[in-house]
Amino acid sequence: MLALGPSTIDVVVIGAGHSGLAMSRVLSESGIDHVLLERGQVANSWRNERWDSLRLLTPNWLTRLPGYAYADDDPHGYMSGAQVADFIAHYAKWTSAPVVSDSTVTQVTQEETGYLVVTPRGNWRCRAVVLATGACSVPIIPRVAHGVPREVPQLHAQDYRNPDQLASGRVLVVGGSATGVQLAREIQDSGRSVTLAVGEHVRMPRVYRGRDIQWWLVESGLLDRRIEEEDDPERARRVPSPQLGGTPGLMVDLNLLRSEGIQLAGRLAGIRDGQAQFSGSLQNLCTLADLKLNRLLVALDEWAERFGHSADIAAIERYAKTTVDDSPRLGINLGEEVRTVLWATGYRPDYSWLKVPVFSDKGELKHDRGVVHVPGLYVLGLPYLRRRKSSFIHGAEDDARELGAHLLHFLERSAIAPNRVNCVA
Amino acid sequence: MTIQTRTADNGVNVAALLGAREALSQAPTAARFKWRATSQWLKGTHSRGTVESFYGLGGEQTHRQPYQFDSDHPEVFASEDNGATPVELVLVALAGCLSAGVAAVAQRRNIQLKSVRATVEAPMDIQGILGIDPEVRNGFDSIKVHYDIDAEASAEEIAAIVAQSQKRSAVFDVLTNPTAVAVTTSKA
């Protein structure tokens, strides 16, 4: 391949995770010649960059990709990271997706007739590129991390596997979304004391009125809500992941964590002279989350009533308000008291290899619901890209179909004749 | 069911605020403000602060007129009590900031306010400032703010307005998060 110069193809999809494979399926259905370039193996992040006890936040029955759904005997369970990777790998095989493994894209440049995609194992010349590397390429570690004393080990959730990795003694977990609350519990359970620094968060029951919360969000249409319906799309895209875990029926909220002995503190605001400083706004953030939860439950109850579901579901529930100490801790010593800092502070996409002028002043990819502002460039699988479900596995299909249709139209109307695979009608 | 068509009027120009938000997101340098105050020591614990100019929207700005604030300590501290103590001014600033937010958020949500009253209380152990006990901090132990609000809204809506106001309040942020403070001197 190296000796032959660039291969030519209509579309290069970068990333063979659930989004890329959903797009591949859509392209195949239309007979579009394409390839998926994958830095490792299919579903690489799920296999190699998740902690051991991770469970998918959506139940198995909801885990589906275009033309393919979970069909095993545990529809109400939650997949482990390895099971998700297997699910996606089976899908790749089932769709005969044209995946080129171990092909890390190092550069994408614009050319007169499209794009040049560079990998150490050969280059590709194509008319359209789909960025499907996901939202979780690079760990976000806040700038204050520089203040952590050298003798205190710190790691990001991406590198965390299980509590055995950690020194004994107190662990400061930074981040109170799905990852942070789950890791805080498992580390506390291992015998290490945990302080959890909590910023803005989304409180949610795992099961509401006898049904998984995801059933409610899907059936009521809330996850189908489109980004253009939002007053403030930027804020809607920044909403943190809800405090959910993969333990059936268990509501993993701050009340549970507090009852288990986890020390709750406000958002990590700074580190000075080895002292972590927490914001004094924890109570208000809990109040905001409680109010938001209640508004959600009221909306779900009204929907259930309106569509006649009330008969076959359990009674309306409301949850005790979140209780925090009157004077939560405002500081803790890193070193004497805290022996490890664990950042559960999220991820961001990485497009550093994309050498096309499509970034804002802040370095964010500019796009309109996945259509990047240069012809033939698309992005998939980002939070609330087009719909609230966009970054979920079951959300990939609708986005891939709409963006696939856009892409198809682009190929058809652009000057050069499409390099179609001939399908027998 | 009646359709509510009445528009709330809390004296907040929400359209202008939203316009400013839109304009400043396009021109982030104009969003860089500098707030200033001067303070002239008069006698004892009595000082007079003045605010007049500030920087913002890319240029120097001035208030409609200068404003002055006397600060002093009460007679129980053997002072003359010519004004509020500086820590009380902090409480006034917090309530002023939160109430402005309450009005703006209520306006945005089309909720008519009838009265908004904040009561602020902040315990402090003055063994800290007197240097009696090094374990006691100089500042407040905590701050409690209570809002009494009469408005055309449910108790839950009112709680949501107050919560949102805290989320967007500068003084609330100043008090709940650490801020680096640099003090320099020069000889006149």
Side-chain angles (χ1 to χ4, degrees), chain A residues 142-144 147 197-201 203 231-235 238-239 265-273 275-299 302 318 321-322 324-332 360-364 366, chain B residues 1 14 17-18 21-22 24-31 90 94 97-98 101-102 105 108-110 121-125 135 137 139-147 153-182:
Chain A
R143 240 175 269 144
V144 296
V198 183
E200 220 174 299
H201 57 276
R203 187 183 181 204
D231 286 343
D232 190 340
E234 291 311 309
R235 192 188 301 176
R238 283 197 304 262
V239 169
R267 194 179 63 84
L268 179 65
I271 298 172
R272 189 178 257 195
D273 302 330
Q275 183 85 0
Q277 300 170 314
F278 304 114
S279 174
S281 64
L282 178 61
Q283 195 184 42
N284 187 51
L285 295 183
C286 293
T287 303
L288 281 163
D290 287 352
L291 288 164
K292 200 168 183 186
L293 170 62
N294 279 339
R295 284 197 295 272
L296 172 69
L297 299 182
V298 167
E302 284 171 1
R318 288 294 177 266
K321 73 189 236 345
T322 305
V324 291
D325 295 344
D326 278 342
S327 306
R329 281 193 83 144
L330 297 174
I332 196 165
S360 71
D361 296 342
K362 284 176 170 172
E364 288 162 346
K366 288 192 285 187
Chain B
M1 193 180 155
V14 166
L17 288 177
L18 291 175
R21 186 171 186 268
E22 177 62 30
L24 292 180
S25 69
Q26 304 302 321
T29 51
V90 170
L94 176 61
C97 194
L98 290 176
V102 165
V105 176
R108 177 100 168 93
R109 296 180 183 182
N110 199 28
E121 189 174 77
M124 177 189 285
D125 184 346
E135 296 292 303
R137 70 181 281 185
F140 303 126
D141 301 341
S142 60
I143 301 176
K144 280 200 158 46
V145 186
H146 179 75
Y147 267 95
S154 68
E156 183 128 318
E157 284 169 327
I158 289 172
I161 292 170
V162 174
Q164 184 64 22
S165 165
Q166 290 167 72
K167 196 174 153 184
R168 288 277 161 264
S169 164
V171 179
F172 184 86
D173 178 88
V174 164
L175 288 170
T176 53
N177 293 309
T179 305
V181 180

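Residue numbers begin at 1 in each chain, while the letters A, B, ... track the order of the sequences.
Residue with the most contacts toward chain B among A:Leu282, A:Asp290, A:Leu291, A:Asp361: A:Leu291 (heavy-atom pairs, distance under 4.5 Å). Chain B forms more heavy-atom pairs under 4.5 Å with one residue of A:Asp326, A:Leu330, A:Asp232 than with any other, namely A:Asp232. By number of non-hydrogen pairs under 4.5 angstrom with chain B, the leading residue of A:Ser327, A:Ser279, A:Ser281 is A:Ser279.
A:Leu285 does not touch chain B: none of its heavy atoms, backbone or side chain, sits under 4.5 Å away.
Side chain of B:Ser165 to backbone of B:Leu98: a donor-acceptor contact under 3.5 angstrom is found. Proximity of a side-chain donor or acceptor of A:Thr287 to a complementary backbone N or O of A:Gln283 within less than 3.5 Å is detected.
Taking CG of B:Asp173 as the start and OG1 of B:Thr179 as the end, the distance is 7.0 Å to the nearest 0.5 Å.
A salt bridge links A:Glu200 with B:Lys167: the distance from a Lys NZ or Arg NE/NH1/NH2 to an Asp or Glu carboxylate oxygen falls below 4.0 Å.
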